[in-house]
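Everything below concerns the one structure shown next.
A quick note: this is a predicted structure, and the numbers were derived from the prediction, not measured.
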Amino acid sequence: MNSNDKKIWHGRLQQATARSVEHFVASISFDQRLAQYDIAGSRAHARMLQEVDLLTEEEFAAIDRSLGQIAEEIAAGSFIFDEALEDIHMNVESALIERTGEAGKKLHTARSRNDQVALDLRLWARDEADAIAALVRNVQTALVEQAAKPENVGAYLPAYTHLQPAQPVALGHVLLGYVEQLARDVERLGDCRRRINILPLGAGAVAGTTLPINRRRVAELLGFDDVARNSIDATSDRDFAIELAFCLSMIAQHLSRWAEDWILWSTNEFRYFRVSDAYSTGSSMMPQKRNPDVLELIRGKTARVYGQLVTLLVLVKGQPHAYNRDMQEDKPAIFDAADQVRGCLELAAEIVAQGRFNVDEMRQRCKGGYLDATALAEYLVDRGEPFRSAHGMAGRIVAACDERGLELSEAPIELLREFGGERIGEDVFDRLGPENVVKSYRSLGAGGSGLVADEVKRWRQALGM
């Protein structure tokens, strides 16, 4: 039997498919990773066909048994994929027919490759959303664990705006900031999953079927929440894949910004963080180097993930409604985006867990920048001074201290009162100095050490730690 005889669609065509075309249109090189989903969908479809009397019990049993064997062979690596059969659907179906004969030929009743591939991709995307959400939570857990380490509790560092030192904050507050970003990623994946979890099978090629199938039964068997209500949209919808790619892009963006921070923190200029040697590389020329290459690649792979999102958007934008073969190109893009984000998340969790913070250096960097100036202005507000006036007073005090080479906490009370007036009392020194500032933050969501302890406890509970 030649390859054209195996093609389920070849009956209408009189000439054999050109070899060049077989190679050009084949997708088995990448869609074979959908094998388990294709077989799961086929087994559910077969059971439904038997229940509505479109298959006999004997035919269903032969199909189900053979599909199980094919799945085992694919998992074991012994199944031979044939490029001439184009895709995972035809490879599985051809093997099934070889084993079951006429029974296998009935499996494709009331379905098309158009709704079949939409099903496979949704099943894959559903599992991928769950798996990536779990990996995101692993990174969150590692960050919370770092924030809770005894050596890091009580540590503080400058927070930056415009890359200029701004105010002192607890180290844990910075770490939990990343946790908050990642929490939104988990929420987005959950929202996306709800739109993924709609059954397209039964839409057929474009218009449904005249046969008495039970789509809700297939949805039940495969764990879908609902069935697609329009056969045209069911086969042509790739919103769920684009949305998943967007979710992946947001995760990549958050990882990239985190990586950028810690790349800076690992430099000799900052020395806030030491990347474990296991996640660093050396130089081929300079023997002293410890390069944060893994962090740099996490930052760099974000561009690749963004590119795959754009690929999917552009792929779909010019297609007329219903299924078109262009959609075959959706899988390399979404598969690659997911693979890259998976790898980045796995390494991110390890880098966070294995790295070490230089808390002494962080504290030292809070000196000399007058990071307690805002706290001084707020001290004056506490004593009745309008904030705009207090802001100006604090600014003049900073300028005077800068001229004299003094920290605010080192300034004599007379100097503070010269520009701040009699509102300033001896208790002002309880609010000055970065350590006192970090202890004094009171507003919900602020960067104080006491507030961070409460947030660490909350996140431990939320993450089941």
Side-chain angles (χ1 to χ4, degrees), residues 147 151-180 261 264-265 269-273 357-456 458:
E151 62 267 31
N152 294 334
V153 172
Y156 55 86
L157 72 161
Y160 295 82
T161 64
H162 310 278
L163 266 184
Q164 302 296 315
Q167 291 177 272
V169 293
L171 170 59
H173 191 60
V174 178
L175 299 178
L176 294 183
Y178 302 126
V179 175
E180 292 284 346
D261 283 348
L264 290 174
W265 287 9
E269 288 73 19
F270 275 80
R271 290 184 292 173
Y272 287 177
F273 182 76
F357 292 99
N358 186 348
V359 297
D360 292 335
E361 187 67 29
M362 290 177 173
R363 291 190 181 104
Q364 191 64 29
R365 292 299 180 92
C366 286
K367 297 179 179 179
Y370 301 103
L371 305 185
D372 46 358
T374 302
L376 175 58
E378 291 178 344
Y379 169 87
L380 290 166
V381 169
D382 270 349
R383 278 141 190 80
E385 194 71 37
F387 179 76
R388 282 299 170 209
S389 301
H391 184 282
M393 291 175 180
R396 288 189 287 274
I397 291 171
V398 166
C401 287
D402 192 36
E403 288 178 3
R404 295 163 173 78
L406 297 172
E407 297 283 340
L408 292 177
S409 59
E410 299 169 345
I413 189 70
E414 293 77 18
L415 178 61
L416 298 178
R417 285 175 174 167
E418 180 181 348
F419 298 97
E422 294 301 316
R423 295 185 188 277
I424 296 180
E426 292 288 345
D427 61 344
V428 70
F429 296 106
D430 295 333
R431 301 277 287 272
L432 296 179
E435 186 170 0
N436 286 333
V437 174
V438 170
K439 290 177 181 177
S440 298
Y441 289 127
R442 290 186 288 180
S443 61
L444 180 65
S449 50
L451 295 163
V452 167
D454 292 339
E455 284 297 289
V456 166
R458 182 178 73 84

Can you check whether [X] reaches [Y] side chain to side chain, under 4.5 Å on heavy atoms?
X      : Y      : answer
Ile424 : Leu380 : yes
Tyr156 : Arg363 : yes
Pro434 : Leu371 : no
Val456 : Val452 : yes
Glu410 : Arg404 : no
His173 : Tyr441 : no
Cys401 : Phe419 : no
Arg383 : Asp427 : yes

Check Arg417 with Glu414, please: is the shortest side-chain N to carboxylate O separation under 4.0 Å? no

In Å, rounded to the nearest 0.5 Å, how long is the span from [atom1] of [X] to [atom2] of [Y]?
X      : Y      : atom1 : atom2 : answer
Gln364 : Tyr272 : CD    : OH    : 10.5 Å
Asp261 : Phe270 : CG    : CZ    : 9.0 Å
Glu435 : Ser440 : CD    : OG    : 10.5 Å
Ile397 : Leu376 : CD1   : CG    : 4.5 Å
Arg423 : Asp382 : CZ    : CG    : 11.5 Å
Glu378 : His391 : CD    : NE2   : 10.5 Å

What are the two closest non-hydrogen atoms of [X] and [Y], and how far apart are they?
X      : Y      : result
Ala147 : Val153 : O-CG2, 3.7 Å
Leu157 : Met362 : CB-CB, 3.7 Å
Phe429 : Ile413 : CE1-CD1, 4.1 Å
Ser409 : Asp372 : N-OD2, 4.3 Å
Ala394 : Ala373 : CB-O, 3.9 Å
Leu451 : Ser443 : CD1-O, 3.4 Å

Is it true that a side-chain atom of [X] and a backbone atom of [Y] form a donor plus acceptor pair closer than 3.5 Å?
X      : Y      : value
Glu407 : Gly368 : yes
Tyr370 : Gly395 : no
Asn436 : Leu432 : yes

side-chain contact (heavy atoms from CB on, under 4.5 Å), that's the test. Do Trp265 and Val174 meet it? Break it down for me. CA-CA 13 Å; Trp265 287 9; Val174 178; 3.6 Å; yes

Could you go through Val169 and Val438, starting from their C-alpha distance and side-chain angles, then the distance that decides it, and tell me whether this counts as side-chain contact (heavy atoms from CB on, under 4.5 Å)? CA-CA 6 Å; Val169 293; Val438 170; 5.6 Å; no

